[in-house]
Amino acid sequence: MQPNSGAQGEYAGLLVIRAYHEGRGEGHRNIALIPASAHGTNPASAVMAGMQVVVVKSTDKGEIDVADLKQKAEQHAANLSCLMVTYPSTHGVYEETIIDICRTIHQHGGRVYMDGANMNAQVGLTSPAIIGADVCHLNLHKTFCIPHGGGGPGVGPIGVVADLAPYLPGHVVVEVGHEKATGAVSSAPWGSASILPISYAYISMMGGEGLTQATRIAILNANYIKARLEEHYPVLYVGAQGRCAHEMILECRHFKKAGIEVEDIAKRLMDYGYHAPTVSFPVAGTLMVEPTESESKEELDRFCDAMIKIRHEIRAVEEGRADAKDNLLKHAPHTAATIMATEWDRPYTREQAAYPAEYVRAAKFWPAVSRIDSAFGDRNLICACTPIEEYVDAEEKLVETDRGPSY
Ligand SMILES: *Cc1c(COP(=O)(O)O)cnc(C)c1O
């Protein structure tokens, strides 16, 4: 229960695998195989755990290239520590070869770390044990109801198979009962214990059947969105049955010809009252949509309607009916200040900008700022702290008045 995020769970799990190999006199095993489609935290955690990352290729269909995996597992057999694999994959597909993949790793003396971030598509229907995983983290703030808007707190407990259990993280002050414990991964012996009752209550109230139903609905919701949107935005990867798991990637890169970027779609969604889905992960220039089980059909329809209307707005640019630069998408999002300004020189109406769909009239969310250059902002850090001189001034005042600091 120590890890305070999924990424920290990965780190903890890899330390357990490392300690296991060391415990068997095989401390030289330090190769982590990681598919190209993995979340960025996977290679980062592997490096932090002192491992060397070897990337496994993906096929054109977005699946793990099993031939490449087998070749690399064999090539590195002597030093193979583990595979880190996300199931269903970050491409939103249940990898049909997953059991064979895990078996291959075991045959070469490695262990399997399953990234459990997509447990929303597993609970009640399958499990890490069924596919042959040895360690996995659960993102309680994704699958099990811990609210995490605004950046925290996360909880990423790990579960392991029996022979790895003795190596689970220990603690210097509190005895947590693991014989060959590796070091603690957070300063509190059970992490953010105070928020665990949220997941406990959720699991208790849902019950086994309820949780399974949530998984089914999450998958159904994703496939509903896929069915409504695929004629407007091609879905990048699907399984053998032509369906997605609990999430899907929408292709947006072909709009570049008309000068429309995925970011323009993300910003325009704000005018429709939506925070954009995941942008440019795991494939740059695309959108990844994960509706979860929580949204009603009305909400899913509103979102699909917004996406379809945006597609029509893109088409206007593609067909030259709207200017390539001076259009609804490039100027999005539209703030109240923009809409209410005395001057209006845009080639579209204020109404089209701020009330693009009927439902927006009933409940309008007003973005606070218009388009900013995100890439510029990321590369040019601006310190917003109080300048040091003000502390000096405050201290002088403090000396003068002999009162407490006023800052
Ligand atoms: C969210 C996520 C993670 C990391 O979890 P955090 O709690 O954000 O650290 C790792 N892998 C995948 C596939 C994820 O979606």
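Residue numbers start at 1 and run along the sequence shown. Atoms within a ligand are numbered from 1 in the order they appear, just like the ligands themselves.
Ligand 1 has an N or O atom lying under 3.5 Å from an N or O atom of H141, backbone or side chain. Inclusion of D115 in the set of residues having an N or O under 3.5 Å from an N or O of ligand 1 is warranted. Remark: ligand 1 and H137 share no N or O pair separated by less than 3.5 Å (distance only, no angle test).
Between R321 and E319 there is a salt bridge, with a side-chain nitrogen of the basic residue lying less than 4.0 Å from a carboxylate oxygen of the acidic one. Between R311 and E231, none of the side-chain N atoms (NZ, or NE/NH1/NH2) sits under 4.0 Å from a carboxylate O, so this pair counts as no salt bridge. The existence of a salt bridge linking K330 and D323 is excluded, since no basic side-chain nitrogen approaches an acidic carboxylate oxygen closer than 4.0 Å. For K142 and E290, the salt-bridge test fails: no basic side-chain N is under 4.0 Å from an acidic carboxylate O.
Of all the heavy atoms of A117, the ones lying under 4.0 Å from any atom of ligand 1 belong exclusively to the side chain.
Within the listing of ligand 1, atoms 7 (O), 9 (O) sit less than 4.0 angstrom from a heavy atom of S5. The contact set between ligand 1 and K142, taken as ligand atoms under 4.0 Å from a residue heavy atom, comprises 1 (C), 2 (C), 3 (C), 5 (O), 14 (C), 15 (O).
Within the model, atoms CH2 of W366 and CE of M340 stand 6.0 Å from one another, a figure rounded to the nearest 0.5 Å. Note: N42 CG to L14 CG = 8.5 Å, rounded to the nearest 0.5 Å.
At least one heavy atom of E10 sits less than 4.0 Å from an atom of ligand 1.
Among all protein heavy atoms, the one lying closest to atom 9 (O) of ligand 1 is A7 N, 2.9 Å. From the protein, the heavy atom lying nearest to atom 5 (O) of ligand 1 is N139 ND2, 3.0 Å. If you check which protein heavy atom lies closest to atom 6 (P) of ligand 1, you get G6 N, 3.4 Å.
Looking only at atom types and distance, the side chain of Y113 has a donor-acceptor partner in the side chain of H137 under 3.5 Å away.
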